[in-house]
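Heads up, the thing below is written out as structure tokens.
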Amino acid sequence: MPLHLYNSYTRCKQPFVPLVAGAVSLYVCGVTVYDYCHLGHARTYVVWDMVRRYLARRYSVTLVQNITDIDDKIIRRAEERQVAMSALVAEFIAAYDEDMARLNVLPADRYPRATESIPQMIALIRTLEERGIAYASGGDVYYGVQAFPRYGQLSGRSLSGMQAGASGRVEEGDPFKRYPLDFALWKAAKPHEPAWDSPWGRGRPGWHIECSAMVRAELGDSIDIHAGGMDLQFPHHENEIAQSEAVTGQPLAQFWLHNGFVNIDGEKMSKSLHNFRTIREILAVFHPMAVRWFILQAHYRQPIDFTEAAMQAATKSWESLWDAWRCGVLLAEVLPSSPLPEVIARFEAAMDDDLNTAVALAVLLELAKPLRSTWHRVQHGGTLTGDRAQLARTWQTLHEIATDLGFCFSDPELKPAATEPEDTTWIETLIAHRRQAKGDRNYAEADRIRQELGARGITLIDQPGGVTLWRRSDATSATK
RNA sequence: GGUGGUGUAGCCAAGUGGUAAGGCAGGAGCCUGCAAAGCUCUCAUCCGGGAGUUCGAAUCCCCCCACCACCUCCA
């Protein structure tokens, strides 16, 4: 079965066939860099990273993701903090890169920036103006949506419907607009604001035009997949279509993909509700791959609810996977091996059905089961039993699928937030005392020491032969 | 008001005509001086409600109920 994707534009699943055989052009709407990325960004970029990796099994993929580095919020934030806009932007681009690296999101092939694409944007706006679609008004330039018959098609809205139902929600305040749903292509500069010269005077671009300009410059008039968060479907992507297609006459993208939102404890995540979580706050508590597991556990178009319980469950699942992976060290002699074709086929069948990662993860856990069981038996003092060759093939399969889903096992950067290397001799001292007590059959004292360590977050594991391992209650691996 | 979506065990979540995947939590047993960790087994006669089509429906049709998102910057 070929890959089927749900296309927001047609509102149905369609078989995916690239415009150019063997190559896929993918454009993902990127971040506005004025603050740290939050959990919603994490979901978005993990999801599209998964898509990109999966597509890369069959195609050569070019991923372009824009960076919005000029915008009202950036200007305001820079003013508040009394820093240059460029410094603010640089800081949060670096933070973005850091967060994404920890989540094991592969970098895009290119990251065009709005401020570096001004000439392309101006060229588009001029063409729109020449065709009578855009109009200059009061130093601004607006897109007249009534001039584009298909306006509303992507989001399934009609101009009349939006007007009728808008009930005061559509901004009435702008005296320069001819029609309430018209949107700004170019904004006249206010004093002290960053500005560029243009045929309409000094100003800066509106938000939507940058993506139209960048897609065209980086990938061409028509691309395979344009992706982003659900909220971008309207108005952002609708406006992009209106801008680009009015100029090129070509479909901007053959597939429009949108990912669902993240809720926190059942509520929409928003700053006003004070339930806003940045990626770095979350990664201080949970393993990045547990976050990735949490995200991929649900279908990408469904909303997901971030709760403590859900994250604990995701952490457990990730730890199972990790334990299974570590079993590889026991199989070094028989690795690499060949993956199990019927399992790969099941994985692909799930993914080909509009990227059903929930099933893909179930396949992973199934593979993990015998491996982690073997690993645990060995770690608890047993010996390696079972069919090594079969285990090796299982491991190889797990490795292939997990890697395609973007799980990373080995990079130390991905471990929980690094803490100071601390002095653990006090733990070892207590363990030695306990060993002594046990030797003396003084179990009351031995149990007291176990309790004392337990109260301080240390769990003890007695192995056969008198060896005692310890681990932090929140860690996944034991230390001798 | 418009548009789209969702409702499957305590929780997360697959399954879209053939008789309920998987995970978390829970329960029992094994192991242990006691534990921990682990291992084994177990855990929805039923899929928001009602009516219908069918040999057969969580899956298709109709009606109803509930919840959510978008329609404004937003991933």
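Note: hydrogens, waters and symmetry copies are ignored here, and every other heavy atom, side chains too, is used. Each chain gets a letter, A, B and so on, in the order the sequences are listed, and its residues count up from 1.
- Heavy atoms of A:V47 sit nowhere under 4.0 angstrom from any nucleic acid atom.
- Within the nucleic acid shown, A:R434 comes within 4.0 Å of at least one base atom, counting heavy atoms only.
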B/S/- contact track for nucleotides 4-21 of chain B, protein heavy atom under 4.0 Å: --S-----SSSS-----B
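- For A:H258 and B:rA75, the shortest distance from a side-chain N or O to OP1 or OP2 is not below 4.0 Å.
- Annotation: A:F183 is in aromatic contact with A:H208 [ring centroid separation under 6.0 Å].
- Residue contacts for A:F234: at a heavy-atom cut-off of 4.0 Å it reaches the sugar-phosphate backbone alone, with no base atom in range.
- When distances run from any side-chain atom of A:H41 to the nucleotides B:rC71, B:rA75, B:rG33, the shortest one goes to B:rA75.
- For the pair A:K268 and B:rC70, the criterion of a side-chain N or O lying under 4.0 Å from OP1 or OP2 is met.
- Residue A:K316 places at least one side-chain N or O under 4.0 Å from the OP1 or OP2 atom of B:rA25.
- Salt bridge A:R76/A:E79: absent, no basic N to carboxylate O contact under 4.0 Å.
- Remark: ring of A:F261 stacked against base of B:rA75; centroid gap under 5.5 Å, plane tilt under 30°.
- Residue side chain A:R450 reaches the base of B:rA35 through a donor-acceptor N/O pair under 3.5 Å, judged by distance alone.
- Residues A:E445 and A:K438 are not paired through a salt bridge, judged by the lack of any N-O separation under 4.0 Å between the basic side chain and the carboxylate.
- With hydrogens and angles disregarded, no donor-acceptor distance shorter than 3.5 Å links the side chain of A:D182 to the backbone of A:K177.
- Not one N or O on the side chain of A:S25 forms a donor-acceptor pair closer than 3.5 Å with the backbone of A:L219.
- Just one of A:T357, A:L103, A:V46 meets the side-chain contact (heavy atoms from CB on, under 4.5 Å) condition when paired with A:I295; it is A:V46.
- A side-chain donor-acceptor contact under 3.5 Å links A:E238 and A:S155.
- Applying a 4.0 Å cut-off to non-hydrogen atoms, the residues of residues 205-215 of chain A that approach RNA chain B are A:W207, listed by residue number.
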